[in-house]
Amino acid sequence: MFDWTLPDELALIVETTRELGRAHLTPHIREAEAARGVAPEVAARFAETGLATLELPVALDGAELGAVARALVNEELGAADPGAALALDPLGPALYAVHEAGGEGAVREHLLPLLARPGARALLVTAHDARLETRGDRLRGVAPWVPADRADLIVYLTDDEVVLARDGITAKPVRGAGLRAAGASELTLDAPIVARFLDGEAVGEALARARIYYAALLLGVLRQAAEASRLYAMSRIAFGKPIAHHQALAFLIADMRTAVDGARALVQEAAWHLDEGNPAESLAAAAFAETIEASTFVGPNGIQILGGHGFMQDYPLEKHMREARALGLLLGGFDAAREEAGARLCATGAPVTLSAGER
């Protein structure tokens, strides 16, 4: 028998995050989008919860709760407002690359100071997101789009290296379609490199954890999109009964929920393997790819269920659609995740056994 009950500590963290979203994020999603950021009192409340230090080692005054806890928390934050979630987290997935490659010393030197600066952001940029060059002791190039209006530290991942740079970073605000509460900028870098680590294994681990981070935010968006569609279909009457009671829409609503639940299972499985210290790069890439794939089904069909209302800001579906598309483009998006999952899976050399019916 499987027991899916969360341990008391994780259940409390999930409920705290859900209440934070309900009370402070969801009621102000349009204001946060217009302001390209969250209100100072919301940021203060987030800091009080300790969610920004959820995965920091205990030696650095963190909770050290791991990838499963982060996946659970980020799903709740994504359900409330994923753009605000990114704006509130000063370290974000940049933490993983710094910690995996440089250890606690690098985190203490380069990341902890950001926790004391209001609005500070460390940004993870991969070679999929931008083609930056390391010339001498400087990181140069342009990152066409990042979900932030401010960059205090850039953590750049190549195939086998982690490069940290700060100062010399110019952010040009652009209008983002999704994640507007996080901001959106084009970054021009001519920044001094403050640290670099040649460690391909650390890069793979950091990228896996970053994919789980974003996949969990996307899960929250899709969960809300599926639920908002269901509630609308239950309230809309056609031919004498709610449109949700017509077979075609009933099947579609069920399929949307199934897509979300299936993606969640993969994300949490990959997170568990990361916490157990098992190889999980392929699992994390596959989970991210599956979650993006689910978004291409849930988002458009949610819009279709609402019809013309789906495109109006009076309803949340247009926002869910924008957020899902933006999250699905990060870290190279679906194509990069699928390619890496397939490459790592085929590289294992495990024999493939066909059943009698497949031969």
Side-chain angles (χ1 to χ4, degrees), residues 50-67 69-70 74 86 89-117 120-141 143 146 148 150-169 187 189-214 270-271 273-281 284-285 330-332 340:
L51 295 177
T53 58
L54 189 71
E55 295 171 277
L56 278 178
V58 172
L60 301 179
D61 296 325
E64 201 170 348
L65 287 180
R70 174 54 66 187
N74 273 20
L86 293 177
D89 191 350
L91 307 183
L95 166 65
Y96 308 131
V98 177
H99 185 254
E100 293 298 329
E104 292 182 6
V107 173
R108 181 181 289 105
E109 179 180 357
H110 300 292
L111 294 181
L112 290 193
L114 300 183
L115 297 178
R117 301 182 201 167
R121 298 280 299 277
L123 300 181
L124 181 71
V125 178
T126 74
H128 297 297
D129 306 312
R131 295 297 181 183
L132 305 181
E133 296 182 352
T134 54
R135 300 177 184 173
D137 61 351
R138 304 187 78 83
L139 182 65
R140 293 185 171 94
V146 295
R150 171 176 174 177
D152 296 81
L153 178 72
I154 293 294
V155 180
Y156 181 56
L157 292 188
T158 67
D159 290 339
D160 58 3
E161 190 174 24
V162 179
V163 180
L164 278 60
R166 62 169 172 260
D167 304 323
I169 305 169
L187 299 182
L189 293 93
D190 187 1
I193 294 173
V194 295
R196 60 195 306 174
F197 307 94
L198 187 63
D199 190 337
E201 187 173 330
V203 168
E205 181 83 3
L207 192 54
R209 291 181 179 275
R211 283 183 166 132
I212 295 303
Y213 182 103
Y214 288 130
H273 279 282
L274 286 168
D275 285 347
E276 292 297 307
N278 301 328
E281 288 88 347
L330 296 170
L331 306 178
E340 180 162 342

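Computed over heavy atoms, backbone and side chain alike; hydrogens, waters and symmetry mates excluded. The first residue in the sequence is number 1, and the count goes up from there. Computed from a predicted model, the values in this text were never measured in an experiment.
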Quiz prompt | Close side-chain approach of Leu56 and Leu95, heavy atoms under 4.5 Å | solution = yes
Quiz item: For the residue pair Leu60 and Glu104, what are the closest heavy atoms and their distance?
Solution: CD1-O, 3.9 Å
Quiz item: Could you walk me through whether Arg211 and Glu281 pass the salt bridge (charged side-chain N to carboxylate O under 4.0 Å, His left out) check?
Solution: CA-CA 9 Å; Arg211 283 183 166 132; Glu281 288 88 347; over 6 Å; no
Practice problem: Using a strict cut-off of less than 4.0 Å between a Lys/Arg side-chain nitrogen and an Asp/Glu carboxylate oxygen, indicate whether Glu133 and Arg140 qualify as a salt bridge. | Solution: no
Practice problem: Answer yes or no: is there a side-chain heavy-atom contact under 4.5 Å between Pro192 and Arg138? | Solution: yes
Quiz item: Side chains of Ile212 and Arg70: closer than 4.5 Å at any heavy-atom pair?
Solution: no
Quiz item: Leu86 and Tyr213: side-chain contact (heavy atoms from CB on, under 4.5 Å), yes or no, with the steps?
Solution: CA-CA 10 Å; Leu86 293 177; Tyr213 182 103; 3.9 Å; yes
Self-check item: Pairwise distance CG(Leu153) to CD1(Ile169) - rounded to 0.5 angstrom
Solution: 7.0 Å
Practice problem: Please report the C-alpha distance between Val155 and Leu91 in whole Å, then the side-chain angles of each, then the deciding distance to 0.1 Å, and finally whether the side-chain contact (heavy atoms from CB on, under 4.5 Å) criterion is met. | Solution: CA-CA 10 Å; Val155 180; Leu91 307 183; over 6 Å; no
Exercise. Write down the atom of Gly332, the atom of Asp129, and the distance for their closest heavy-atom approach.
Key: N-OD1, 3.5 Å
Practice problem: Please round to the nearest 0.5 Å and tell me the distance separating atom CG of Leu139 and atom CG of Leu132. | Solution: 5.0 Å
Self-check item: Close side-chain approach of Leu157 to Val163, heavy-atom, < 4.5 Å
Solution: no
Quiz item: Just one of Leu124, Leu189, Val125 clears the side chain to side chain contact (heavy atoms under 4.5 Å, CB included) bar with Tyr156, so which one?
Solution: Val125
Quiz item: Got a sec, which pairs hit salt bridge (charged side-chain N to carboxylate O under 4.0 Å, His left out) with one end in residues 156-169, sequence neighbours left out?
Solution: Glu161-Arg196
Exercise. To the nearest 0.5 Å, tell me how far Leu330 CG sits from His128 NE2.
Key: 12.0 Å
Practice problem: Report the C-alpha distance between Leu207 and Glu340 in whole Å, list the side-chain angles of each, state the deciding distance to 0.1 Å, and finish with yes or no for side-chain contact (heavy atoms from CB on, under 4.5 Å). | Solution: CA-CA 11 Å; Leu207 192 54; Glu340 180 162 342; 3.6 Å; yes
Self-check item: Side-chain heavy atoms of Thr134 within contact of Ile193, under 4.5 Å
Solution: yes
Quiz item: Shortest non-hydrogen contact from His99 to Pro57?
Solution: NE2-CG, 3.6 Å
Quiz item: In Å and rounded to the nearest 0.5 Å, what is the NE2 to CG distance from His110 to Asp152?
Solution: 14.0 Å
Self-check item: Closest contact, heavy atoms only, Ala63 versus Val58
Solution: O-CG2, 4.3 Å
Quiz prompt | Shortest non-hydrogen separation from Val107 to Val98 and the atoms involved | solution = N-CG1, 3.8 Å
Quiz item: How long is the span from the CD atom in Glu100 to the CD atom in Glu205, to the nearest 0.5 Å?
Solution: 4.5 Å
Self-check item: Leu65/Asp275 under side-chain contact (heavy atoms from CB on, under 4.5 Å): CA gap, chis, key distance, verdict
Solution: CA-CA 9 Å; Leu65 287 180; Asp275 285 347; over 6 Å; no
Quiz prompt | Rounded distance [0.5 Å steps], OH in Tyr96 versus CD in Glu55 | solution = 3.5 Å
Quiz item: What pair of heavy atoms forms the shortest contact from Ala94 to Leu123, and how long is it?
Solution: CB-C, 4.1 Å
Exercise. May I ask you to check whether over 12 heavy atoms, not counting those of Glu276, lie within 6.0 Å of atom CD?
Key: yes
